[in-house]
Protein chains: 2
Amino acid sequence: MTTAVPAPSSRDLPHPTPGEIRLEGVLHALSDPVRLRIVRELAAEGVPLSCSHFDLPVSKSTTTHHFRVLRESGVIRQNYEGTAKMNGLRRDDLDDLFPGMLDSLLTAATHQAGRHSGA
Amino acid sequence: MTTAVPAPSSRDLPHPTPGEIRLEGVLHALSDPVRLRIVRELAAEGVPLSCSHFDLPVSKSTTTHHFRVLRESGVIRQNYEGTAKMNGLRRDDLDDLFPGMLDSLLTAATHQAGRHSGA
DNA sequence: GCCGTACTACGATGTCTATCGTACGACTCC
DNA sequence: GGAGTCGTACGATAGACATCGTAGTACGGC
């Protein structure tokens, strides 16, 4: 009756349901360069990545903070896997809520990155 | 007796060039509910609107602030026309910089508004 | 059991920002 | 010119946020 859930790890993290995801929150989450970079990398890899995979120009505490903002805004899904915390883009949820938006944003980010580095 | 020609008012406003528009700035500008609402209304009307056209739940000073944020981030273009200050979406610039993004965002906003009011 | 790794929680801090009210400048109309 | 309308500038304020360091917790390997 109750949970036959294969809980590989007892630590659970709160995520917003699709209905709770707010566009403003998503945009705010993505308006920070560090977080935008995380999302771009996540999208580029296509698979969940551990926090430590990223080489960010901020401290560990700040990294935790940014990942939390992304999770609480509904952009990423986090779950523990041993000592590592895996981060995956909530692509399906976002695509369902805001069709095409994520791709447009990622394209825009890539486009802008090209403008600035490629000259 | 006013000049038939659109006399260029002496008051000029600084706008970022397309090259200066940053995606993060645009997203940040759009992450505020009041500003998102302004942009949606602007997009819906399709033509420049005066500041006073909007009935926003904030004071006049705050309204000015929000319009300035939108202008400085490159989302809207402002120019005086007599005592009125007209605000127009920089659709062409944004579409050129970030193809499809603005429409995706507007669609997303509409979609979300539907979710919340319609249910 | 112990230690190292991965990440978090907490507290502090400086900056940014959304908000307001009031005083002022620009323009139009009479 | 005077009055009214539209919007700005300035100063103040409270809350949010990005950042850090340190101490602590959970897990895996030895």
Side-chain angles (χ1 to χ4, degrees), chain A residues 6-15 22 24-39 48-73 75-88, chain B residues 1-15 22 24-39 42 48-73 75-88:
Chain A
S9 158
S10 52
R11 290 181 287 179
D12 254 356
L13 295 160
H15 288 80
R22 300 280 309 164
E24 294 90 332
V26 171
L27 296 183
H28 176 243
L30 264 32
S31 72
D32 183 282
V34 175
R35 292 194 291 260
L36 183 57
R37 174 168 156 183
I38 292 173
V39 170
L49 298 172
S50 73
C51 291
S52 53
H53 172 274
F54 297 86
D55 186 29
L56 301 171
V58 293
S59 75
K60 268 175 103 122
S61 337
T62 307
T63 299
T64 296
H65 162 70
H66 284 309
F67 275 104
R68 173 164 25 182
V69 172
L70 286 172
R71 170 170 51 83
E72 291 181 343
S73 67
V75 177
I76 67 171
R77 190 176 292 283
Q78 296 187 294
N79 63 295
Y80 283 99
E81 223 156 277
T83 84
K85 189 182 198 174
M86 304 307 287
N87 305 277
Chain B
M1 332 292 246
T2 48
T3 47
V5 221
S9 302
S10 50
R11 290 180 287 179
D12 255 353
L13 296 160
H15 289 79
R22 301 279 309 164
E24 294 90 333
V26 172
L27 296 183
H28 176 241
L30 263 34
S31 71
D32 183 282
V34 175
R35 292 194 291 260
L36 184 56
R37 174 168 156 182
I38 292 173
V39 170
L42 237 30
L49 298 172
S50 72
C51 291
S52 54
H53 172 274
F54 298 86
D55 185 29
L56 300 172
V58 293
S59 73
K60 277 202 309 179
S61 337
T62 306
T63 299
T64 297
H65 162 70
H66 284 308
F67 275 104
R68 173 162 26 182
V69 171
L70 285 172
R71 170 170 51 82
E72 290 181 346
S73 67
V75 176
I76 66 171
R77 190 177 294 283
Q78 296 188 293
N79 62 295
Y80 283 99
E81 220 154 280
T83 85
K85 188 185 198 173
M86 303 308 285
N87 305 277

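Numbered from 1 within each chain, the chains take letters A, B, ... in sequence-line order. No hydrogens, no waters, no symmetry mates; every other heavy atom, side chains included, goes into these values. Bear in mind that the values here come from a model prediction, so they are computed numbers and not experimental data.
Rounded to whole angstrom, the span from the CE atom of A/M86 across to the C1' atom of D/dC27 amounts to 15 Å. Going from atom CG of A/N79 over to atom P of C/dA6 covers 17 Å, rounded to whole Å. Atom CZ in B/R71 sits about 13 Å away from atom C1' in D/dA9, given to the nearest Å. The CZ-P distance, from A/F54 to C/dC7, rounds to 10 Å in whole Å. Rounded to a whole Å, the NE2 atom of A/H65 is 15 Å from the P atom of C/dC10. Taking atom NZ of residue B/K60 and atom C1' of nucleotide C/dA26, one finds them 13 Å apart after rounding to whole Å. Computed from coordinates, the A/D32 CG to D/dT19 P distance equals 6 Å when rounded to whole Å. The distance between atom CZ of B/F67 and atom P of C/dA18, rounded to the nearest whole Å, is 14 Å.
How far OG of B/S52 is from NZ of B/K60: 9.5 Å, rounded to the nearest 0.5 Å. Considering CZ of A/R68 and OG of A/S73, their distance stands at 12.5 Å, rounded to 0.5 Å. Taking CG of A/L36 as the reference point, atom CD of B/E24 lies at 5.5 Å (rounded to 0.5 Å). Atoms CZ and NE2, from A/R35 and A/H28 in turn, are 5.5 Å apart once rounded to the nearest 0.5 Å.
Closest to the side chain of B/V58, out of D/dC10, C/dT19, D/dC20, is C/dT19. Considering only side-chain atoms of A/R35, the nucleotide from C/dA18, D/dG7, D/dA18 that sits closest is D/dA18. Taking only side-chain atoms of A/A84, from C-beta outward, the nucleotide of C/dA18, C/dA6, D/dA18 with the closest atom is C/dA6.
Residue A/S50 is classed as a sugar-phosphate contact, given heavy-atom separations below 4.0 Å to backbone atoms only. Residue contacts shown for B/S52 are limited to sugar-phosphate atoms, with no base heavy atom under 4.0 Å away. Looking at heavy-atom distances under 4.0 Å, B/H53 makes no contact with the nucleic acid at all.
In this structure, A/H66 reaches the D/dT19 phosphate: one of its side-chain N or O atoms is under 4.0 Å from OP1 or OP2. Residue A/T83 places none of its side-chain N or O atoms closer than 4.0 Å to OP1 or OP2 of D/dC27. When the side-chain nitrogen and oxygen atoms of B/S59 are compared with OP1 and OP2 of C/dC20, one or more of them lie within a distance under 4.0 Å. Between A/R68 and C/dC7, a side-chain N or O to OP1/OP2 separation shorter than 4.0 Å is absent.
Residue A/H28 is the one, among A/H28 and A/T63, whose nearest nucleotide of DNA chain D lies closer to the 5' end (criterion: closest heavy atom).
Considering every non-hydrogen atom in both B/I38 and B/L70, the closest pair reads CG2-CD1, 3.8 Å.
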